[in-house]
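Take a look at the structure below.
Note that the coordinates shown come from a computational prediction; the quantities given were computed from them, not determined experimentally. Proteins come first, then strands; the chains are lettered A, B, ... in the order of their sequence lines, and each starts at number 1. Values below: every heavy atom of this structure, side chains too, minus hydrogens, waters and symmetry copies.
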Protein chains: 2
Amino acid sequence: MSGPLPRGKKRLMSGGRKVTIKDLAAEMELSITTISRALNGYTDVGEETRKKVVAAARKMGYTPNRNAQRLVTQRSHSIAWVQSDDESKFTDPHFVEVMAGVLREAQQSHYDIVLSSEISERQMTTYERYVHDGSVDGFIVDLPRPNDPRITFLLDAGVPFVVHGREERSDRYGWVDVDNYGNFYALAKLVIENGHRKFAFINGDERFLYASTRRRAVEDAVADMGLPPETVLTLEGTHPMGEAGFQLTELALADRDITAFLYSSALMAVEGISAITRAGRKPGTDALIASMNDELRYLNLAPLEGNITLVRSSLRAAGQAMVAEVIRQCERGTVSGTLIPSLFDLGTGVSGESIKGDVLFV
Amino acid sequence: MSGPLPRGKKRLMSGGRKVTIKDLAAEMELSITTISRALNGYTDVGEETRKKVVAAARKMGYTPNRNAQRLVTQRSHSIAWVQSDDESKFTDPHFVEVMAGVLREAQQSHYDIVLSSEISERQMTTYERYVHDGSVDGFIVDLPRPNDPRITFLLDAGVPFVVHGREERSDRYGWVDVDNYGNFYALAKLVIENGHRKFAFINGDERFLYASTRRRAVEDAVADMGLPPETVLTLEGTHPMGEAGFQLTELALADRDITAFLYSSALMAVEGISAITRAGRKPGTDALIASMNDELRYLNLAPLEGNITLVRSSLRAAGQAMVAEVIRQCERGTVSGTLIPSLFDLGTGVSGESIKGDVLFV
DNA sequence: ATCGATGTCCAAAACGTTTTGGAAAGAGCC
DNA sequence: GGCTCTTTCCAAAACGTTTTGGACATCGAT
């Protein structure tokens with residue numbers, strides 16, 4: 001009992017070769033032109049022939065060779081996402097959340113995501129290579145910094161890309177962003193309006209624009225409310241992890257005048273809350289807690305519900321929007337910005353009464 | 001003052017075309033054969049010409065078209081990693097840790113990682129497509145289940161792949177794994193040898209092999225030590241997140257006979273410890289805590305140091321080993337398994353004395 | 001009958017590489 | 001001078017598609 005191995009679908013020609021368009025053309029006694037055009041839905045092939053071609057293609061297990069397609073069409077249907085290989089950034093849980101959105105949208109649009117990591121110094125060479133060797137059609141740029149060289153390069157190269165965030169040049173490129181300024185201005189205002197005269201702001205890494213923007217927003221709010229700059233104690237977490245949230249909160253707790261805590265990330269907020277609890281204070285009543293909530297799937301905020309004021313925004317939605325934007329640029333040539341909506345969930349303030357606030361939706 | 005835009009490096013020919021090997025050949029008055037062979041380090045081109053070719057290629061900014069190379073060589077230098085789109089699995093922080101290793105190794109070996117997510121039902125179509133359209137050379141298979149259809153398919157297709165874990169067929173494919181059985185057998189034995197007669201085992205999702213193997217190991221250890229099965233209360237976390245660690249520990253705390261807690265993941269352990277603390281017991285003295293430690297970068301275990309027995313193993317190293325294995329299969333045709341080492345860090349037991357144990361390194 | 005549309009089909013070129021199978025020139029040897 | 005061996009180069013084929021620019025009927029209208 002020897003012979004060819006039984007396979008679910010036959011996908012190989014005799015000799016172990018994969019089925020090509022030529023095999024299909026020979027089998028059907030048609031030209032490869034007709035096969036190609038039938039499969040790609042052109043109108044210049046008869047309805048009956050098209051059906052037969054599609055059927056035969058399925059039967060023989062024909063799948064067009066992606067690299068041949070890419071070579072001739074000059075489009076790869078792939079998007080690059082280059083990560084910096086720095087410990088702090090890369091293992092950030094926020095990243096996974098964005099990625100979930102990126103991958104979902106890519107899958108639905110039949111694009112591939114080419115992911116790579118590279119140490120900062122050599123990152124630009126990776127971008128150059130991808131631009132010039134035709135392996136991707138566009139780029140996703142994450143966590144922009146001021147005057148980000150990646151943006152400079154991509155703008156100059158004239159290649160499609162999207163940035164997760166805005167800076168000076170954001171009218172010239174595609175971006176997806178949350179209203180960092182508006183959200184944190186509103187949060188700081190909320191804190192002050194609820195009677196707090198000194199509060200801590202546990203921020204993210206201010207080398208990144210999202211964090212420096214948030215600091216500016218909080219400081220502006222303090223100033224606009226006619227309070228002195230010392231009203232807010234801003235502490236910078238060099239990476240947005242829980243660890244920093246705990247330590248920085250302990251630092252802030254040393255100042256007994258501080259009655260409210262504003263966090264840049266819910267990940268830091270939960271750790272901060274555990275520091276506050278350990279210090280013998282009750283979050284939500286002894287201290288007002290407010291935070292950005294990026295909807296990290298593995299972070300359970302339910303136990304805190306009601307005791308914390310959150311401005312919720314989906315990083316996953318941002319990921320989806322980014323891929324959609326790059327694809328639009330590739331296929332329609334349009335460039336646009338997308339603001340991801342934020343939703344306010346008000347919690348409780350000092351001695352448990354619920355927070356007053358007018359901003360419910362941004 | 002009009003004219004061509006100044007560029008750092010000229011990479012385009014007049015007309016905006018990218019520099020091809022033909023342009024380079026024309027410029028140098030050599031054949032494209034010679035250019036190609038010079039650039040690829042063949043010995044049949046003179047040393048002087050090679051130097052000149054390399055210099056000219058750099059000067060003109062020539063980068064070989066990846067898709068043309070792929071078409072003619074029939075190798076893509078890419079590896080696919082298909083994720084299931086299920087919430088629970090995909091947002092697992094352990095995944096990011098593995099990915100860090102995967103990307104680092106891929107970058108060093110000049111391979112691209114093509115990442116995609118797909119709902120379970122349609123996952124196999126994605127695999128089929130990647131196998132047949134030539135877009136990748138091999139696959140990474142994550143979190144295998146018993147009789148995993150992905151393994152069946154890839155084995156049948158005869159394409160390079162590596163699995164993060166072992167099952168019945170693991171002598172026929174490349175794998176990378178930690179000694180789940182050995183580690184958890186040793187941990188359970190340690191718990192029992194230190195005098196505990198009833199303990200909880202907070203396991204991961206037992207639909208996955210790593211978790212069912214761990215359960216088997218723990219149960220075997222209990223039996224081998226001559227104790228009844230009720231000695232261990234195994235609780236299954238449907239996903240290996242903190243949340244489950246908290247809730248399942250609370251469940252186990254209801255049984256006052258339980259004096260030790262064994263966790264499948266440090267992520268669950270920290271949450272469990274917070275539940276134990278909340279219940280008024282002191283981890284490390286009132287209760288023995290033991291756990292697997294996958295070295296998640298964002299998880300700070302320092303505060304627990306000394307009070308928890310950990311078996312440490314790097315998921316990042318596993319990621320690196322996986323990529324290396326797939327590449328070896330592609331380039332050398334060899335298939336092999338790699339066991340990632342584990343290190344025991346002993347903590348303290350009941351009333352604070354340090355844990356007794358003979359297994360220090362697996 | 002002729003002409004222009006219309007509906008189907010196809011041969012050949014093109015995409016940018018690598019590889020195969022030599023060719024040409026010189027060196028060394030008898 | 002003829003022979004082989006090396007060194008250095010190259011023309012042409014091949015990889016598997018898509019696209020261009022027709023060809024060839026058929027059909028209606030003139």
Could you check whether A/Ser116 and B/Gln107, counting side-chain N and O atoms only, form a donor-acceptor pair closer than 3.5 Å?
no
Nearest whole angstrom, please: distance from the C1' of D/dC24 to the CG of A/Leu30.
16 Å
As a check of understanding: the bend across the helix from C/dA1-D/dT30 to C/dC30-D/dG1, end axes from five pairs, rounded to 10 degrees, works out to 60°
Closer than 4.0 angstrom, basic N to acidic O: yes or no for A/Asp23 and A/Arg17?
yes
With B for base contact, S for sugar-phosphate-only contact and - for none (protein heavy atoms under 4.0 Å), nucleotides 17-23 of chain C reads BBBB---
Which part of the nucleic acid, if any, lies within contact of B/Thr49, taking any heavy atom under 4.0 Å across all strands shown: a base, the sugar-phosphate backbone alone, or nothing?
sugar-phosphate
Between P on C/dG16 and NE2 on A/His132, what's the gap in Å once rounded to a whole number?
15 Å
Mind calculating the distance between CZ (A/Arg66) and C1' (D/dC15) to the nearest angstrom?
17 Å
Establish, from distance only, whether the side-chain atoms of A/Asp133 and B/Thr63 form a donor-acceptor pair under 3.5 Å.
no
A/Arg70 CZ to C/dA14 C1': how many Å, rounded?
19 Å
As an exercise, state the distance from CG of B/Asp85 to CD1 of B/Ile119, rounded to the nearest 0.5 Å.
7.5 Å
Do we see a donor-acceptor contact under 3.5 Å between the side chains of A/Tyr130 and B/Asp112?
yes
For A/Gly46 and A/Leu71, find the nucleotide of DNA chain C closest to each by heavy atoms; which residue's nucleotide sits nearer the 5' end?
A/Gly46
Taking NZ from A/Lys52 and C1' from C/dC9, how many angstroms apart are they, rounded to a whole number?
13 Å
Closer than 4.0 Å, any side-chain N/O of A/Thr34 to the OP1 or OP2 of C/dC9?
no
Ion pair A/Glu48/A/Lys51, N-O distance below 4.0 Å
no
Are A/Arg70 and A/His77 side-chain neighbours, meaning at least one heavy-atom pair lies under 4.5 Å?
no
Let me know the distance between CZ of A/Arg17 and P of D/dA14, rounded to the nearest Å.
13 Å
Ion pair check, B/Glu167 and B/Arg169, cut-off under 4.0 Å
yes
I'd like to know whether the aromatic ring centres of A/Phe95 and A/Trp81 sit less than 6.0 Å apart in this structure.
yes
Could you give the NZ-to-P distance, from B/Lys51 to D/dT8, as a whole number of Å?
13 Å
What is the distance from CD1 of A/Ile35 to P of C/dC10, rounded to the nearest Å?
8 Å
